[in-house]
Every structure is written in structure tokens, then in C-alpha cells.
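A, B, ... follow the sequence lines: proteins, then strands. Residue 1 opens every chain.
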Number of protein chains: 2
Amino acid sequence: MPAVLEEFEPIFGEPKVEWTGTYSGLGQSSAFVFYVHSPDSSHLRICVSDFRHTTWESVRSVSQLEDMRDSVGIGGSWSEFIHYLVASIKSEDVKLLLEALPDSNDTKSAKLVAQKSKGMPRISFSLTKITGAAASDAVANLSQELFKAFKGLQYLFMEEQERCLQLTKVISVEKEKNEIFHSQLELNSKRQKLQKAINSLDKVDLTNGQNPPGKQAAQSPGPTKVTKRPVPTHRRAKARGIILQDSENEKDS
Amino acid sequence: MPAVLEEFEPIFGEPKVEWTGTYSGLGQSSAFVFYVHSPDSSHLRICVSDFRHTTWESVRSVSQLEDMRDSVGIGGSWSEFIHYLVASIKSEDVKLLLEALPDSNDTKSAKLVAQKSKGMPRISFSLTKITGAAASDAVANLSQELFKAFKGLQYLFMEEQERCLQLTKVISVEKEKNEIFHSQLELNSKRQKLQKAINSLDKVDLTNGQNPPGKQAAQSPGPTKVTKRPVPTHRRAKARGIILQDSENEKDS
């Protein structure tokens, strides 16, 4: 199966501009934007522009990219190479290397060089300057695609905001449940202590044989009173709308 | 205090194009993008472009906007008017109304019209066509600002993604706590039942006077065995790394 560039998400970024040669220091001061995309499944295109005077591009066929993979020295499959290439272009370290023409503001050559991280192989694209109608078209296309990407990202951002909102709601529900469980555990533990105290009293009374059956009945509602003890206000407020599963209490009393 | 446009966040959008007059049907087929921003605190600027042949703009001073507020009929304060204006421009219903010149692809007039929602007052900006270097500059500026907005949004989006990740972690911790509390409550209820059963047995034995003190001691470890009963596997796995607050059990056994 021949290598293809399927579903290649366009990448926009700002390269760091570095001059080599005897740069006169004039011109080329504006910021550049690069746009890497795949116009069809067998080509990768790079366009770099300052939206004003200067636009470059580079088109690479899949077979040229395969050659690049071999020379760059990234092992592994075709898709692993494309992942590496994308990671490099998306990294912080993308440079636009410009070589100055002597005594001129123009450039002799331009290259876009990307490196995933220090010590990793560099991905390099030699760029060709485009002018006139071709340049205008390329810049207009870049801007239109940038606007599409912006709109798409706006949508994704709103979706993510909505997801955060939903997650925050889930957290408050879970915390509320926790609060209820926790106060139920505390109540149970108090009731248990009291029950033990009552039982040991009963045992003493019964062993001494001084206790008529009526007295035991009078003591047993003790735990019921405990379960009806008011919950502290802050817990009560948070627990509203939730039914305490206190069927054990009902049986106890 | 005079009205000003402070911290006016730039807005980018795509207007719906509507032609009036005898439009020849040729040209003007590309999509337009509008850019509304405040170049300084006393001006609002609107730029509309297809990044190719056609660019319009409109600049409004704060006093012109105040006149607009009066004629549009939005009551309330200056900042309320600006909020209404922003909401209108950010709405889905922004139109680019173009009036065709007879027998030409050119336009006689252009307007950007925004409406917050149906039945609400319309905000309208008459646009002036710009050409030559002014148009190139305006388009380059629009594209550069669009890229800045895109980069800013990328950062916000990543932040929001990170927030979602953190919230998801909080949810799993809360759910784990809930699971532990819940199984503790279940254990307590089982232990309580058993305790009651033992206590009633004790009472019967003691009342009958057939029980030597040694036997009671042999029975009491009952609850301890219950607390040591293995938790179901799926709960055990989730509860790892969390200490069961079972100090009550320690005292009981």
C-alpha cells in the first residue's frame, strides 16, 4: 500500500526568524506565519508569509517525504514519521532561516527548519519565493484557511467550556452524596455507642434480677432520639432534596 | 466622564452576503470576513475583506457611536450600549448588504448590519471601499490580528482541556470516597444486626440464669469477624491507597 497523507490537520504557527549572511538590517521586520497543509492525499504544502511583501512556499510529494524520512534517520513506519514531522512543526522550535543577498534587503534563500526537541533530527524544507498573482492567491488562501481554523477552534473551545461546566456539576453532586454518607456514618457510630451502653446497663439490671420487664421497654427508644437529633445547619442545607436511606433506623426504633 | 472604548476584544466573523439591485451574478463569490476592533480608546473600526479583490472599512468615533445609540433606540448606559453592539456583532445574524452597480460586478454601496435577535434594533455600519496600498495594509493587518487571536484561543483551549482533566480526576476521587463510605455503611448495618441478635441471645441466657460469665466473653468477638469479612473484589480494587476510618471497629473488637 503506497504511503498517503490522510486527514492531515492544517497547522499554523509563527517561526523564529534567523538571518545568516550580511543582512543589511533593513526590511523583513514583520512577523511571519507558516501554514502546513495537505492540498491532496499525496502532497504536503508549506506556505510562509508576512501577509505583506514576502511569501514562500514548498510542495513535497509523498515520495519526496519518504526520501526525507530515510535521510533524516527517523526509523519506524510511515505514520510514525508523519507523527514526528507534525510534532516537530507543532513544537516551539520552528525557525525561518533566511540568507541575505549582499547589499540588499532581499533573500538569497529561505528554509523552514523544525525540531521536535533538542538532540532530535531536524526536519527542513527549502522554500521558494512566490510573487505576483500566485503570491496574492497563496496569501488569500492562507488567511481564509486561518479563519476556518479559528472558527473551528472557537467551536471546540465552547464545547470544552460546556464540558467543564457539566463536570463541575457532577463534582458538587458527588460531594453532596459524600457529605450525607459521612454524616450517616457519624450518626450510626454515635447510636452504636449508646446502644452498647444501654445493653450493658440492661445486662447488669437483668443479672441482678431487679428489673421488671416494663423498664426495659422504657429504655429502648434511646437510639431513636439520637437519630432524630438535628443535623448541623450547614449539612442540612446541602442535603436538601436527597432522601436519607435510613431504613435501618426505622427497624431499630 | 466621556465615553471610551476600553479593553475592546477584537471580533472576527463571517457575514452573510446579500445583494440588492441588479446584481449581474458575476464575481464577489468568495467568502468575506469582518474584523471589528478598537485601534484606540476613542474609535471603533470595522474592516470587511475577501482577502482578494475587495476590502471595505468603517471608522466610528465614540461621539458618532453615541449618536448611533440615540438613533438605534437602545436605552441605558454607554457600557450597556457597547454590550448590545458586541452581542449583535457576535450573533449569527450579521449581514453584508451589497448594492450592485447596474451592468457591473462592482458595488454601489456596502453595509454591515447586525441584529442581536429578531425584533431587536439593528446596528448598521456603512462601509467605504479601500484600494491599493491602504487595502493591502488593511488585509495584512486583519490577517496578522486573526493569527494573534487564533494563537490566544489555542492557549485558552489548552487551558480548558487541562481544567477538564483536573475536574475528571476530582470526580474519580469523590466517587472512590463515596464507594468506601457506602461499603462502610453496609458493613456497619450488618454488624449492627448481628450485635442485636447476639445481645438478645445474651439477654435470654442471662435471664434464664444458665450462662456462666465465660460464655459471654467467648461470644463477643462476633462483630470483629464481620468487619474482617473480605470486601467484594471490585470494591477492594477501587479502595486501594485510602485508609478506612474504622477506629470505631477497633474500639468495638
Side-chain angles (χ1 to χ4, degrees), chain A residues 12-14 30-31 33 49-53 136-137 139-144 146-151 153-154 156-161 163-164 166-168 170-171 173-175 177-178 180-182 184-185 188-189 191-193 195-196 199 202-203 206-207 209 211 216 245 247-248 251-252, chain B residues 12-14 30-31 33 49-53 136-137 139-144 146-151 153-154 156-161 163-164 166-168 170-171 173-175 177-178 180-182 184-185 188-189 191-193 195-196 199 202-203 206-207 209 213 216 245 247-248 251-252:
Chain A
F12 297 91
E14 194 177 349
S30 50
V33 168
S49 181
D50 64 353
F51 300 108
R52 288 174 199 272
H53 323 286
S136 307
D137 261 12
V139 170
N141 184 50
L142 201 172
S143 298
Q144 293 276 11
L146 178 59
F147 179 69
K148 277 186 205 165
F150 177 74
K151 260 179 48 175
L153 191 60
Q154 261 184 335
L156 288 176
F157 177 64
M158 285 193 299
E159 268 194 338
E160 209 65 4
Q161 275 187 316
R163 198 159 79 92
C164 273
Q166 294 306 325
L167 290 173
T168 311
V170 170
I171 288 173
V173 167
E174 290 298 324
K175 285 199 165 170
K177 268 198 220 167
N178 262 332
I180 291 166
F181 277 155
H182 188 246
Q184 217 170 339
L185 274 172
N188 280 1
S189 123
R191 196 175 47 203
Q192 225 175 338
K193 274 187 196 166
Q195 183 74 57
K196 276 163 76 93
N199 287 341
D202 280 357
K203 278 176 205 166
L206 288 165
T207 319
N211 194 28
Q216 197 196 330
Q245 293 190 308
S247 54
E248 283 306 310
K251 277 186 231 158
D252 290 351
Chain B
F12 298 90
E14 194 177 349
S30 50
V33 168
S49 181
D50 65 352
F51 299 108
R52 288 176 198 272
H53 323 287
S136 306
D137 261 13
V139 170
N141 184 49
L142 200 171
S143 298
Q144 293 276 10
L146 179 59
F147 180 69
K148 276 186 205 164
F150 177 74
K151 260 178 52 175
L153 192 59
Q154 261 184 333
L156 288 176
F157 177 65
M158 285 194 297
E159 267 194 340
E160 209 64 6
Q161 276 187 316
R163 199 160 76 93
C164 273
Q166 294 306 325
L167 290 174
T168 310
V170 171
I171 288 173
V173 167
E174 290 299 325
K175 285 200 166 171
K177 269 197 219 166
N178 262 332
I180 291 166
F181 278 156
H182 188 247
Q184 220 171 338
L185 273 172
N188 281 1
S189 122
R191 196 174 49 204
Q192 226 174 338
K193 273 187 198 165
Q195 184 74 58
K196 275 164 76 92
N199 286 343
D202 281 358
K203 277 178 207 163
L206 288 165
T207 318
Q216 198 194 329
Q245 292 189 309
S247 57
E248 283 306 311
K251 276 185 232 161
D252 289 353

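There is no contact between A:Q166 and chain B, counting heavy-atom distances below 4.5 Å.
Looking at B:Q144, its side chain does come within 3.5 Å of a backbone N or O of A:D50 through a donor-acceptor pair.
Ring orientation note: the planes of A:F181 and B:H182 are tilted relative to one another, at an angle of 30° to 60°.
Taken to the nearest 0.5 Å, the CZ atom of B:R163 stands 9.5 Å off from the CD atom of A:E160. Taking CG of A:L146 as the start and CZ of B:F12 as the end, the distance is 8.5 Å to the nearest 0.5 Å.
Options A:T168, A:N141, A:D137 differ in how many heavy-atom pairs under 4.5 Å they form with chain B, and the most are formed by A:D137. Heavy-atom pairs under 4.5 Å with chain B peak, among A:L185, A:L142, A:L167, A:N178, at A:N178.
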